[in-house]
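So that the names make sense, note that chain A is the first sequence line, chain B the second, and so on, each numbered from 1.
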2 protein chains.
Amino acid sequence: MSASGQQGRKPRADVQRNRAALLEAAQRHFLRYGVGTSLEAVAKEAGVGPGTLYRHFPTREALLAAVLQTRSEELVARQEEIARLGDADKALEQWLRALEEYFSAFSGLPEPLMAAARALDPGNPLTVPCDILTTATDEYVRAAQRTGTVRESVQGYDLFLAACSVAWIKGTGATDEEALNRLRALIASGYRERGDQM
Amino acid sequence: MSASGQQGRKPRADVQRNRAALLEAAQRHFLRYGVGTSLEAVAKEAGVGPGTLYRHFPTREALLAAVLQTRSEELVARQEEIARLGDADKALEQWLRALEEYFSAFSGLPEPLMAAARALDPGNPLTVPCDILTTATDEYVRAAQRTGTVRESVQGYDLFLAACSVAWIKGTGATDEEALNRLRALIASGYRERGDQM
DNA sequence: ACCTGAACACCGTTCAAGT
DNA sequence: ACCTGAACACCGTTCAAGT
């Protein structure tokens, strides 16, 4: 409405510095302590007061979404590389693994992502990456369906959920890699058209 | 070691009363606020000090495990009823739904259960129900494998994980019932031998 | 316009003092 | 032997005071 700084093109230098410091500190803390890390500690490490953190990122989700942006872009970059594989079935499989790794970036990440997956709360900033990734998954699914390797009843969202589940299980540490592989195989065998290669 | 009350057969009347009151209050709070509810509030509602709660249940998991015991027994009761179905494939399917409901008893329950699933921490009291339920699942799986409807590579633990995942997804509210059904169908189609009924 | 940091609320957990 | 509840530590969040 007014000529406030909201849309201004020249944020003050200290504002930019604070934002960058916050993002860097947040990423470090998310990596080390998971998404539930103390925001107070993040602010302290960024060298700002807690109020400054809340001004820049009004919720934990907003901070998370900002930190995730880089990773989402990297994932999209991989998307093009994967698509070049030619084999739609193989591409879908690879994509699901890439998704899973994305969900495993920080301990506890699947939880807030799932909470944002259904766009019930339009204010949740995590809805953005969820939408993008679900849409991308859907493209892979449809490509594979066109070649007849994936069942028609499967939706991209279903496999988005499945990949998130596997990442969640991995994060809880409830399984070794072998059990995870059996689970992945079970899911793959679930979405594939019958009569395929084992 | 000593003649302490640890093994005594006659717990003091107030001890029994406190324990019962704590369990009842805890169940109410778990139901209403999920497994992360304030233990301080539980103690207050039970009419005891926080110290008393910690004396009876040294960790949140211990309290949870005690509250879950009733439900586990109910589930085992259902197990016998389900087994009477005759059709091993149908029985497995029903059992997995019963498992899923068990995991959905309290919001946030899948998380601590998964953390206890792999018996890495022998002190975790939640390992007990996990072991029982995994073993039970394995029996259903093997019965179905004998009739040839379930793939040989599937283990009971895999489906235990899968059921827990579905409950977790349901708990995050990320989906409507329709998407959950697609997911359940995907899992079923994943563990079933190929060439079966759709 | 933005930052600071004190202040408030809330909770988990412990432990000295009681009975 | 068990209970009580004050006390400590920690964190999220807000907001009056500063620059």
Side-chain angles (χ1 to χ4, degrees), chain A residues 1-23 25-26 28-30 32-64 66 107-108 111-112 115 123-125, chain B residues 1-23 25-26 28-30 32-64 66 107-108 111-112 115 123-125:
Chain A
M1 289 290 187
S2 70
S4 77
Q6 307 261 36
Q7 309 279 355
R9 280 161 314 186
K10 289 176 188 174
R12 245 164 54 179
D14 57 338
V15 173
Q16 285 179 284
R17 240 183 302 119
N18 282 338
R19 189 187 147 89
L22 280 167
L23 283 176
R28 221 174 6 250
H29 273 76
F30 285 149
R32 218 178 314 226
Y33 309 107
V35 298
T37 190
S38 158
L39 295 185
E40 199 187 357
V42 170
K44 190 172 293 181
E45 190 166 306
V48 303
T52 302
L53 187 154
Y54 280 92
R55 168 170 285 270
H56 280 266
F57 307 103
T59 63
R60 184 183 295 270
E61 281 74 29
L63 180 56
L64 236 188
S107 143
E111 186 95 32
N124 190 330
Chain B
M1 290 285 189
S2 70
S4 79
Q6 305 263 34
Q7 308 278 355
R9 280 163 315 188
K10 289 177 186 172
R12 246 164 55 178
D14 58 338
V15 173
Q16 285 179 285
R17 237 183 304 118
N18 282 337
R19 189 185 147 89
L22 279 167
L23 282 176
R28 216 170 12 246
H29 273 75
F30 285 148
R32 218 177 313 223
Y33 309 107
V35 299
T37 189
S38 158
L39 296 185
E40 199 187 357
V42 170
K44 190 173 293 180
E45 190 165 306
V48 303
T52 302
L53 188 154
Y54 279 93
R55 167 170 286 272
H56 280 266
F57 307 102
T59 63
R60 185 183 294 270
E61 281 75 29
L63 180 58
L64 236 188
S107 143
E111 186 94 32
N124 191 329

Rounded distance (Å) that lies between atom P of dC3(D) and atom CG of N18(B): 5 Å
Touch class at under 4.0 angstrom, heavy-atom based, for T52(A) against every strand present: base
Audit row: V15(A), H56(A), side chain to side chain contact (heavy atoms under 4.5 Å, CB included) steps and yes/no: CA-CA 9 Å; V15(A) 173; H56(A) 280 266; 3.7 Å; yes
Sugar-phosphate, base or nothing in reach of T59(B), heavy atoms under 4.0 Å: nothing
Whole angstrom value for the distance that separates P of dC3(D) from CZ of R17(B): 10 Å
Mate of dA1(D) where both pairing distances stay under 3.5 Å, Watson-Crick or G-U: dT19(C)
V48(B) side chain, from C-beta outward: closest of dT4(C), dG12(D), dT4(D): dT4(D)
Where A66(A) and F57(A) come nearest, the two heavy atoms and their spacing: CB-CE2, 3.7 Å
Listed nucleotide nearest any side-chain atom of V15(A), set dG12(C), dC3(D), dC3(C): dC3(C)
Whole-Å gap separating P (dG12(D)) and NZ (K44(A)): 11 Å
Separation of atom CZ in R60(A) from atom P in dG12(D), rounded to whole Å: 5 Å
side-chain N/O S38(B) vs dG12(C) OP1/OP2, d < 4.0 Å: yes
Distance-minimising heavy-atom pair for N18(A) and V48(A): OD1-CG1, 3.3 Å
Integer-rounded Å distance: dG12(D) C1' and L63(A) CG: 14 Å
For atom CZ of F57(B) and atom C1' of dG12(C), their distance in whole Å: 17 Å
Counterpart base for dA6(D), defined by Watson-Crick or G-U wobble contacts under 3.5 Å: dT14(C)
Residue met sooner reading DNA chain C from 5', once H56(A) and E40(A) are mapped to nucleotides: H56(A)
Nearest-nucleotide comparison on DNA chain D, the residue closer to the 5′ end among P50(A) and R55(B): R55(B)
Main-chain N/O of V35(A) paired with R60(A) side-chain donor or acceptor, under 3.5 Å: yes
Q16(A) CD - dA1(C) C1' separation (whole Å): 14 Å
Rounded distance in Å - CG (L53(A)) to P (dC2(C)): 15 Å
Considering all heavy atoms, the nearest L64(B)-P112(B) contact: CD1-CG, 3.9 Å
